[in-house]
Amino acid sequence: MRIATFNVNGITSRLPALLQWLDETGPDVVCLQELKAPQEKFPEPAINAAGYQAIWHGQKSWNGVAILARGQLPIETGRGLPGDPDDAQSRYIEAVVDGVLVAGLYLPNGNPAPGPKFDYKLKWFERLITHAAELIDSGADTVLAGDFNVMPTELDVYKPERWVDDALFRPEVRAAFHRLLAQGWCDALRTMHPDETIYTFWDYFRNAYGRNAGLRIDHLLLSPGLAPALKAAEVDRDVRGREKPSDHAPVWIELDLEGRP
DNA sequence: ATGACACGGCTTCCGTGA
């Protein structure tokens, strides 16, 4: 089973690039972030025509997340991260596909830090940690996939010293990510590439992609029971170099679920 | 310290992103 995550930076603008990538790589499950489209503007017919069914949580202009499954409808288990009924931002959606619980998330950016946006990021992160602990305790085979807006270590930033005060790299944010991992989650991409410089995002500015001035902020985390099934984890880096690209590249994992109950 | 690029929208600029 191949599960991918892709921050598309606008589903409407990115639709041709998304459809091309789906056609070329055919992942079984895809988590999308930054739809930047209201619920009624999600291009469901085009997604269906590509062989996928989808659930999504839209929002006008900002945020928005979706889960696509090839040839079947994801069975939704939740939308909106638990812990704050007043949170109106569409950043979390959760579903079961072929017995695997998939949580698609778009963690807040948090800049500028300090400030109210950074406070919201930290609070959102705490809610995620709380909910992730419940998912671990449930024993379900789970993948947390999405744009976490966190570079976990210095290996994940092209120039760490320039990012120490940024909301994506501040110590408290990295600490939160490591507290999350400490629950037992496996960082799939880093596990398969322990020492490699490997990025998932390149700024549109200053020829960042050409200079490989990137960040690793899109992650797939596996629950303890799923970690032994991990066979591959890669970034479809070339997608970032195409016409009208997102600033993120798709990231995917391959799980060998054969012989599982 | 600033701004570069791209997105959506109440579009001819603004707020936001990372």
Side-chain angles (χ1 to χ4, degrees), chain A residues 5-19 21 31-43 46 56-66 87-92 104-122 124-125 128 145-174 176-177 189 197-219 235 237 239-251:
Chain A
T5 179
F6 187 13
N7 179 322
V8 292
N9 187 18
I11 185 77
T12 308
S13 290
R14 211 64 57 221
L15 190 58
L18 172 63
L19 294 175
W21 170 74
C31 297
L32 301 178
Q33 302 87 37
E34 278 208 85
L35 302 179
K36 290 185 170 180
Q39 189 69 11
E40 65 275 15
K41 291 280 181 62
F42 185 84
W56 65 96
H57 195 192
Q59 183 181 330
K60 190 169 141 186
S61 301
W62 317 117
N63 310 316
V65 286
D87 186 356
Q89 300 191 22
S90 297
R91 296 181 174 275
Y92 185 88
L105 63 96
Y106 176 44
L107 208 138
N109 174 307
N111 276 308
K117 292 187 175 181
F118 191 62
D119 295 341
Y120 174 68
K121 177 177 196 164
L122 293 179
W124 204 95
F125 220 142
L128 178 63
D147 177 357
F148 285 69
N149 270 317
V150 183
M151 298 84 89
T153 73
E154 296 201 339
L155 186 55
D156 303 312
V157 200
Y158 68 96
K159 195 168 276 200
E161 65 275 16
R162 286 237 179 128
W163 288 83
V164 286
D165 291 327
D166 190 277
L168 279 69
F169 199 53
R170 283 175 67 103
E172 55 269 60
V173 175
R174 276 184 274 169
F177 187 82
L189 196 58
T197 296
I198 182 163
Y199 301 136
T200 67
F201 166 91
W202 296 262
D203 213 310
Y204 288 121
F205 307 156
R206 294 161 297 197
N207 190 32
Y209 181 68
R211 297 185 296 118
N212 198 29
L215 310 172
R216 189 174 75 94
I217 56 177
D218 300 274
H219 307 299
V235 179
R237 195 182 185 286
V239 172
R240 177 63 180 83
R242 296 179 181 176
E243 284 293 301
K244 266 183 79 70
S246 170
D247 39 7
H248 297 249
V251 188

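Here the structure is a predicted model, which means the values were calculated and not measured. In what follows, every heavy atom counts, from backbone to side chain, and hydrogens, waters and symmetry copies are set aside. In the text below, chain A, chain B and the rest are named by the order of the sequence lines, each starting its count at 1.
OP1 and OP2 of B:dA6 both lie 4.0 Å or more from every side-chain N or O belonging to A:Arg14. OP1 or OP2 of B:dG8 lies within a sub-4.0 Å distance of a side-chain N or O belonging to A:Ser13.
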Letter per nucleotide, 5' to 3', of nucleotides 10-18 of chain B [B base touched, S only sugar-phosphate touched, - untouched; heavy atoms, 4.0 Å]: S----BSBB

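Spacing between atom CG of A:Leu15 and atom P of B:dG8 amounts to 11 Å, rounded to whole angstrom units. We find that CG of A:Leu35 is positioned 21 Å from P of B:dA6, with the value rounded to whole Å. Taking atom CG on A:Asn207 and atom P on B:dA6, their separation rounds to 11 Å, with Å as the unit. Distance CZ (A:Arg211) to C1' (B:dC5): 13 Å, rounded to an integer number of Å.
Heavy-atom neighbours of A:Arg242 CZ from other residues, nucleotides or ligands within 6.0 Å: above the threshold of 12. Taking a 6.0 Å sphere around CD of A:Glu40, one finds it holds more than 12 heavy atoms contributed by other residues, nucleotides or ligands.
Nucleic acid contact class of A:Thr12 (heavy atoms, under 4.0 Å, all strands): sugar-phosphate only. A:Arg162 comes within 4.0 angstrom of no nucleic acid atom, judged by non-hydrogen atoms across all strands.
Look at the P atom in both B:dT2 and B:dC13: the space between them is 23 Å, to the nearest Å. B:dA1 and B:dC14: their P atoms are spaced 24 Å apart (whole Å). Separating the C1' atom of B:dT16 from that of B:dA4 is a span of 15 Å, rounded to the nearest Å. The same atom, P, is picked in B:dC5 and in B:dC10; the two are 26 Å apart, to the nearest Å.
Between A:Trp202 and A:Tyr158, every side-chain heavy-atom pair lies at or beyond the 4.5 Å cut-off.
Between the side chains of A:Tyr199 and A:Arg237, no donor-acceptor pair is found at a separation under 3.5 Å. Of the N and O atoms on the side chains of A:Asn9 and A:Lys36, at least one donor lies less than 3.5 Å from an acceptor on the other residue.
Exactly one of A:Leu168, A:Asp156, A:Asp247 qualifies for a side-chain contact (heavy atoms from CB on, under 4.5 Å) with A:Leu215. That residue is A:Leu168.
For the pair A:Asn63 and A:Gln89, the tightest heavy-atom approach, listed with the atom from each and the gap, is ND2-OE1, 3.4 Å.
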